[in-house]
Engineer: 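Shown below is the structure under consideration.
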Amino acid sequence: MKGTFPINSFQSIQTPFYYYDTNLLRETLRTINMEAGKHEGFTVHYAVKANANPKLLNIIREAGLGADCVSGGEISASVKAGFPPSRIVYAGVGKSDWEINLALDKNIFCFNVESIPELEVINELAAKKGKTAQVAFRINPNVGAHTHANITTGLAENKFGIAMRDMESVIDTAMSMDNIRFIGLHFHIGSQILDMGDFEALCNRINGLQDELERHHVKVGHINVGGGLGIDYQHPNRLPIPDFKSYFTTYARHLKLRPGQKLHFELGRAIVGQCGSLITRTLYIKQGASKQFAIVDAGMTELIRPALYQAYHKIENLSSNEPAEAYDVVGPICESSDVFAKHIDINKSHRGDLLAIRSAGAYGEIMASGYNCRQLPQGYTSDELEAE
């Protein structure tokens, strides 16, 4: 079964471009608010790194989510989109001085801090402004996730976070600083996680750390468990909305929140992943010695995930209903890794056919590059095209 696309509207748009089904995005956001709303104290932030298209940011902000940022540029984009600074959190292992100053000037809710040197710089810069910075410490829980090695972040070997053994001393250091207010703990174990057991393991680790802190009379107002919930790349039409019910219920059942504690989530891919498709045009059908290639005008410059992670994206020929044939779908970039898929069946393709590379709403447009002096792709929404 193919997805539904406004093919006639696509004909006049220069390919490659991103197409976003904003009806699906809004339904996804409604589901998130419904499922998270069943549990007291649950607050959801959108991880802007997944996709910072201003049109999508506006829709997400309208749904009432906060923003999770990992750069000064993302903070600026979030503020411009209307996210209240009081609902913006700022994470990242390498915050520069100008980014910290920007966050202080905007009076964001919280810095997710990853080292004592970073904490010292935030304290120093906040003192110069006569401000107090709220901080949560990102603790590396040494919890693995059943996902790609490049997007696993919670192991001791990863660059992220503070080691569990240092947690109490770091908190003590923060409490001794005049321009720092310690408010919480932050965790994130990885991305594209579909096994709820990984999140349950994180809950168990957090429960143990909280017990340890309470034995030393340290109270934590906020727990931030990051994001990580994956999407179904194999079946975007059958399962367009992730299983948010199981996701939030896992935390409600297994994480022992203390009275008055707030639990924060930072979902990215799960919010925007399925609503986006990369639309590309077939340039040539090339017959090889043992295979045939569908050479398209999109490449790894528009969607790098297959080259970077060997990621799978379902590909549909929107222009053809002919019987399927096997193709290697490849791009024009001067790199052997510029391949979207090998030996996949799609409806027989011809020069000029439009193909949709599905489930590309997260880490697609935002990671596009100008390599080979390529133009960056434009993004269009169903709202725009339906209004034409």
Side-chain angles (χ1 to χ4, degrees), residues 41 43-49 52 54 57 60-61 64-140 159-163 166-188 209-210 213 216-226 258 260-266:
T43 298
V44 180
H45 304 261
Y46 168 61
V48 178
K49 72 174 184 173
L57 290 182
I60 295 167
R61 183 259 306 158
L65 274 63
D68 161 47
C69 301
V70 295
S71 74
E74 289 186 5
I75 293 172
S76 295
S78 299
V79 172
K80 186 176 181 180
F83 285 89
S86 62
R87 301 203 67 191
I88 294 176
V89 295
Y90 178 25
V93 70
K95 304 177 182 72
S96 63
D97 288 15
W98 76 265
E99 292 173 308
I100 295 170
N101 280 323
L102 172 66
L104 289 168
D105 290 340
K106 297 298 182 183
N107 296 311
I108 68 163
F109 172 66
C110 183
F111 292 83
N112 291 336
V113 174
E114 305 212 15
S115 68
I116 285 183
E118 177 192 330
L119 179 69
E120 292 171 343
V121 171
I122 293 174
N123 182 59
E124 177 186 341
L125 295 177
K128 291 179 180 178
K129 294 178 179 293
K131 294 190 172 186
T132 299
Q134 296 196 138
V135 305
F137 288 112
R138 179 170 180 173
I139 306 300
N140 189 319
K159 70 178 180 180
F160 302 99
I162 294 166
D166 298 326
M167 176 181 66
E168 291 179 48
S169 64
V170 171
I171 292 173
D172 288 342
T173 299
M175 289 180 168
S176 71
M177 292 180 169
D178 293 334
N179 296 89
I180 294 293
R181 181 178 174 229
F182 166 70
I183 65 168
L185 299 177
H186 176 227
F187 305 86
H188 182 64
L209 292 175
Q210 287 232 80
L213 288 176
H216 293 83
H217 308 290
V218 175
K219 292 186 177 181
V220 180
H222 300 265
I223 300 293
N224 185 326
V225 292
R258 276 48 177 176
Q261 263 187 344
K262 303 293 184 183
L263 182 60
H264 298 258
F265 300 87
E266 298 169 343

Engineer: The test is side-chain contact (heavy atoms from CB on, under 4.5 Å); show your working for Leu119 and Phe111 and say whether it passes.
Structural biologist: CA-CA 9 Å; Leu119 179 69; Phe111 292 83; over 6 Å; no

Engineer: If you take all heavy atoms of Ala136 and Leu185, which pair is closest and at what distance?
Structural biologist: CB-N, 4.0 Å

Engineer: Among residues at least two apart in sequence or on other chains, which ones pass ring pair (Phe, Tyr, Trp, His ring centres under 6.0 Å) with Phe182?
Structural biologist: Phe137

Engineer: Flag the pair Lys219 / Arg258 as yes when at least one side-chain heavy-atom distance between them is below 4.5 Å, and no otherwise.
Structural biologist: no

Engineer: What's the shortest heavy-atom distance between Gly226 and Asn224, and which atoms?
Structural biologist: N-OD1, 2.9 Å

Engineer: What's the verdict on side-chain contact (heavy atoms from CB on, under 4.5 Å) for Met175 and Val218, showing C-alpha distance, side-chain angles and the deciding distance?
Structural biologist: CA-CA 10 Å; Met175 289 180 168; Val218 175; 4.2 Å; yes

Engineer: Working note: Met167 + Leu209, criterion side-chain contact (heavy atoms from CB on, under 4.5 Å); need CA distance, chi angles, decisive distance, verdict.
Structural biologist: CA-CA 9 Å; Met167 176 181 66; Leu209 292 175; 3.8 Å; yes

Engineer: Once salt bridge (Lys or Arg N to Asp or Glu O under 4.0 Å) is applied, what residue pairs with a partner in residues 88-97 remain, sequence neighbours excluded?
Structural biologist: Lys95-Glu118

Engineer: Tell me which pairs pass side chain to side chain donor-acceptor pair (under 3.5 Å) where either residue lies in residues 69-80, with sequence neighbours left out.
Structural biologist: none

Engineer: Verify the ring-centre separation between His45 and Phe109: is it less than 6.0 angstrom?
Structural biologist: no

Engineer: Kindly write out the residues that satisfy side chain to side chain contact (heavy atoms under 4.5 Å, CB included) with Glu124, not counting sequence neighbours, or none if the list is empty.
Structural biologist: Lys128

Engineer: Output all residues satisfying salt bridge (charged side-chain N to carboxylate O under 4.0 Å, His left out) with Lys129, sequence neighbours left out; order by chain, then residue number.
Structural biologist: Asp105

Engineer: Which atoms form the tightest heavy-atom contact between Val113 and Ile162, and what is the distance?
Structural biologist: O-CD1, 3.9 Å

Engineer: Mind checking whether Val48 and Tyr46 have side chains closer than 4.5 Å, heavy atoms only?
Structural biologist: yes

Engineer: Which of these, Lys49, His188, His186, sits in a side chain to side chain donor-acceptor pair (under 3.5 Å) with Glu266?
Structural biologist: His186

Engineer: Walk me through whether Leu213 and Glu168 qualify under side-chain contact (heavy atoms from CB on, under 4.5 Å).
Structural biologist: CA-CA 7 Å; Leu213 288 176; Glu168 291 179 48; 3.9 Å; yes

Engineer: Grab the two heavy atoms, one from Asn179 and one from Ala127, that are nearest each other, plus how far apart they are.
Structural biologist: OD1-CB, 3.3 Å

Engineer: What are the two closest heavy atoms between Ala103 and Ile75, and how far apart are they?
Structural biologist: CB-CD1, 3.9 Å

Engineer: Got a sec, which residues hit side chain to side chain contact (heavy atoms under 4.5 Å, CB included) with Ala77, two or more places apart in sequence or on another chain?
Structural biologist: Leu57

